[in-house]
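Every heavy atom of this structure was used, including side-chain atoms; hydrogens, water molecules and symmetry mates were not.
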There are 2 protein chains.
Amino acid sequence: MPVDPTCPVCQTAEIICGKWTLLLIRDLAEGHSRFCELERSLQGISPRTLSLRLRALEEEAIVERHTFAEVPPRVEYALTEKGRALLPLIDHMRSYGERWLGGTCANAADEQLPPVAAVA
Amino acid sequence: MPVDPTCPVCQTAEIICGKWTLLLIRDLAEGHSRFCELERSLQGISPRTLSLRLRALEEEAIVERHTFAEVPPRVEYALTEKGRALLPLIDHMRSYGERWLGGTCANAADEQLPPVAAVA
DNA sequence: CAGCATCCGCCGTGATACTG
DNA sequence: CAGTATCACGGCGGATGCTG
């Protein structure tokens, strides 16, 4: 529900604000490409939600879906150029989080000095 | 609802993914500082939601609240340094939106290469 | 393996009215 | 002016079970 559909900031927010979207994109960037693989790496996600997110991102041309007519069935997902263009933004968010929110992540390399004062 | 409270990317997402948060920060950055002023510039927001967002951002030390014991009462809000540090990120989101979402590519699943010329 | 169908609960948001 | 109180709704996401 875009507040302002013509605002590029809001449009971008719409894309990345799904609960699992950012993690999903990150995992895709890291090479996880199959449904079950993503289901594992995104621990706690339901197949329904994963499917919905994947569809939405596919419609937005952020991920590509490649189906293999095999037995057992295989489907692989990958970021498009448009999707990879999101990665610097995610890095930017990580930088902010590390600098100002004191968070560290298994995937993140290093950690910066925490903010001076945090309101309780 | 943080997927991973320790992930800086998720923490940052938590902050900026409120429906009005980005616009609120933008308006604060543009100098709108009073409650009624924000209420006007964020057309459509309810006082309840504005109040809630402001409180949340205050708790996160992203905005500062300055009360003036006057009649009529006056309260001014301003971004802290931590809040202003969000602005480049918002710019980044705007850049992405303009570059990749500026056109009419929302539903085009087959559209892999949006118009490059759309960059302002 | 890769999903879809169904039901359900949560909570963010909106609307409206009221207060200091 | 600057909020708070209350009620209600809608949609996202979770849980579970089933199919090709």
Could you state the atom-to-atom distance from [atom1] of [X] to [atom2] of [N] in whole Å?
X	N	atom1	atom2	answer
B:L52	C:dT13	CG	P	8 Å
A:R53	C:dC4	CZ	C1'	16 Å
B:F68	D:dA2	CZ	P	11 Å
B:E76	D:dA2	CD	C1'	13 Å
A:L50	D:dG14	CG	C1'	13 Å
B:I45	D:dG3	CD1	P	13 Å
B:L54	D:dG3	CG	P	7 Å
B:W20	C:dC11	CH2	C1'	18 Å

Looking at B:P8, is its backbone amide N or carbonyl O close enough to the side chain of B:T12 to form a donor-acceptor pair, meaning the two atoms are under 3.5 Å apart?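 Yes, B:T12 side chain to B:P8 backbone: donor-acceptor pair under 3.5 Å.
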Side-chain N,O ([X]) to OP1/OP2 ([N]) below 4.0 Å:
X	N	answer
A:T49	D:dG14	yes
A:S46	D:dA15	no
A:R55	C:dG3	yes
B:S51	D:dG3	no

So for B:R48 and C:dT13, does any side-chain atom that can act as donor or acceptor lie under 3.5 Å from a complementary atom in the base?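 Check passes, donor-acceptor contact within cut-off.
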Could you point out which residue of A:L24, A:L28, A:L86, A:T21 forms a side-chain contact (heavy atoms from CB on, under 4.5 Å) with A:I62?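 The single option meeting the side-chain contact (heavy atoms from CB on, under 4.5 Å) with A:I62 is A:L86.
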Heavy atoms only, 4.0 Å cut-off, all strands: where does A:Y77 land among base, sugar-phosphate and nothing?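 Sugar-phosphate contact only - A:Y77 comes under 4.0 Å of backbone atoms but never of a base.
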Ion pair present between B:E81 and B:R84, side-chain N to carboxylate O less than 4.0 angstrom?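 No, this pair does not count.
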When the nearest nucleotide of DNA chain D is assigned to A:P47 and to A:C17 on a heavy-atom basis, which residue is associated with the more 5' position?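 With A:P47 and A:C17 compared, the 5'-side residue is A:C17.
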Looking at side-chain heavy atoms only, is the closest gap between B:H66 and B:V75 below 4.5 Å?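 No - every pair of side-chain heavy atoms lies 4.5 Å or more apart.
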In terms of side-chain heavy atoms of B:F35, which of C:dG14, C:dA2, D:dG3 is nearest?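 Closest nucleotide among those given: D:dG3.
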Tell me if the CD atom of A:Q43 is crowded by more than 12 foreign heavy atoms within 6.0 Å.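 Atom CD in A:Q43 is not packed in, count stays at 12 or less.
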